[in-house]
Amino acid sequence: MPDPAAGVPPAASSPLAGRTGDLAAVGAREVAFLAQVSLRVDPALAPRVRFALPLEPNTWRRGGGREALWLGPDEWLVVAGPGQAPAVVAELEGALDGQHRSVVDVSAYRTVVELAGDGRFDLLAQGCGLDLHPRSWRDGRCAQTLLARVSVLLQERQDATRIFVRTSFASHLASWLRAAAPV
């Protein structure tokens, strides 16, 4: 993905701008301003999209400078670099022209916290009911769940877990991570 600061207006402030110290203390950082586009379409039309949409539940795929996370049988979250939402929307609208679909820029809805380190699964398990053992939770998996009583989307990457959280709950999540982390 491109530089997180590219395409961001100079006056923009991320939801967790004042919480960088708290996040760093638990091995986390905010990945602010990512483009996020909600796509609803019949999965039979997935081949029309120029990047791969995962068809297996709770998985994500990378391709064409995009990441597509499976959210439901006909629903995906397409993630790209900051400022790229208009291009992603235009690309999807063009590929699916004339088809029943929904393509919506939801970038302002969530921010992303990236949690790294070997202890991240133990930390997440304190507030999440998912089985995060490597036998079932590994790179390429994603899931919608509750974490610290907040609805989130988890995305497992090779060396980190991304937590997509509504901007209005971002500070609550940062506080919970800080309080739940081992001293």
Side-chain angles (χ1 to χ4, degrees), residues 1-8 14-17 19-20 22-39 51-54 56-72 75-85 88 105-134 136-178 180-181:
M1 295 223 163
D3 175 9
V8 176
S14 73
L16 293 170
R19 304 298 301 267
T20 56
D22 288 332
L23 292 174
V26 299
R29 69 183 184 96
E30 181 182 23
V31 185
F33 306 115
L34 289 177
Q36 300 176 52
V37 177
S38 171
L39 171 64
F51 51 87
L53 294 177
E56 180 183 342
N58 296 320
T59 62
W60 68 274
R61 295 181 73 180
R62 178 183 295 129
R66 316 276 190 254
E67 294 177 357
L69 289 75
W70 185 95
L71 299 183
E75 182 179 9
W76 295 267
L77 180 67
V78 180
V79 181
Q84 293 184 19
V88 173
D105 178 358
V106 294
S107 302
Y109 181 68
R110 299 179 193 94
T111 192
V112 178
V113 173
E114 189 169 86
L115 185 60
D118 294 335
R120 72 182 183 272
F121 301 115
D122 291 334
L123 176 57
L124 292 171
Q126 292 182 54
C128 173
L130 289 180
D131 178 3
L132 299 175
H133 190 277
S136 58
W137 185 255
R138 60 192 172 283
D139 184 24
R141 304 298 291 182
C142 65
Q144 297 175 86
T145 188
L146 292 177
L147 176 62
R149 298 183 175 177
V150 173
S151 179
V152 298
L153 170 61
L154 298 181
Q155 177 192 22
E156 189 58 33
R157 303 167 72 81
Q158 187 171 8
D159 297 318
T161 304
R162 282 195 172 171
I163 306 166
F164 291 73
V165 60
R166 283 180 40 193
T167 56
S168 58
F169 287 109
S171 185
H172 166 76
L173 178 66
S175 295
W176 180 86
L177 287 168
R178 186 73 166 116

Backbone N/O of Gly63 and side chain of Arg66: donor-acceptor pair under 3.5 Å: no
Test log, rule side-chain contact (heavy atoms from CB on, under 4.5 Å), inputs Arg62 and Arg157: CA-CA 11 Å; Arg62 178 183 295 129; Arg157 303 167 72 81; 3.3 Å; yes
Side-chain heavy-atom pair Val106, Val37 within 4.5 angstrom cut-off: no
Between Glu156 and Thr161: side-chain donor-acceptor atoms closer than 3.5 Å: yes
Side chain to side chain, Leu123 and Phe121, heavy atoms closer than 4.5 Å: no
Which atom of Ser107 lies closest to which atom of Ala35, heavy atoms considered: OG-CA, 3.4 Å
Pairwise distance CG(Leu115) to CG(Leu147) - rounded to 0.5 angstrom: 9.0 Å
Leu69 side chain near Val79 side chain, heavy-atom distance below 4.5 Å: yes
Distance-only polar pair, side chains of Thr20 and Glu30, donor-acceptor under 3.5 Å: no
Side-chain heavy atoms of Ser14 within contact of Phe33, under 4.5 Å: yes
Distance (rounded to the nearest 0.5 Å) between Leu77 CG and Ser38 OG: 7.0 Å
Pairwise side-chain contact, Phe164 with Gln155, heavy-atom cut-off 4.5 Å (strictly under): yes
Trp176 versus Gln126, closest heavy-atom pair with distance: CZ2-C, 3.8 Å
Exercise: identify the closest heavy-atom pair between Ala143 and Leu130: CB-CD1, 3.7 Å
Interatomic spacing from CZ in Phe169 to OG in Ser175 - rounded to 0.5 Å: 13.0 Å
Within-4.5 Å side-chain heavy-atom neighbours: Trp137 and Leu154: yes
Heavy-atom closest pair, residues Pro15 and Thr111: CG-CB, 3.9 Å
Trp60-Glu67 side chain donor-acceptor pair, cut-off 3.5 Å: no
For the student: nearest non-hydrogen atoms of Ala85 and Asp105, plus distance: CB-OD2, 3.4 Å
Working for side-chain contact (heavy atoms from CB on, under 4.5 Å), residues Leu173 and Val150: CA-CA 8 Å; Leu173 178 66; Val150 173; 5.8 Å; no
Side-chain touch Trp70/Asn58, heavy atoms, less than 4.5 angstrom: yes
Check against side-chain contact (heavy atoms from CB on, under 4.5 Å), Thr145 and Val152: CA-CA 6 Å; Thr145 188; Val152 298; 3.9 Å; yes
Working for side-chain contact (heavy atoms from CB on, under 4.5 Å), residues Ile163 and Val112: CA-CA 5 Å; Ile163 306 166; Val112 178; over 6 Å; no
Closest non-hydrogen atom pair, Gly81 against Leu34: CA-CD2, 4.4 Å
Modelled atom types, side-chain donor and acceptor of Ser136 and Arg141, under 3.5 Å: no
Chi angles and distances behind the side chain to side chain donor-acceptor pair (under 3.5 Å) call for Arg110, Thr167: CA-CA 5 Å; Arg110 299 179 193 94; Thr167 56; over 6 Å; no
Main-chain N/O of Arg29 paired to Glu114 side chain as donor or acceptor, under 3.5 Å: no
Test item: Ser151 and Gln144 side chains (from C-beta on) under 4.5 Å apart, heavy atoms: no
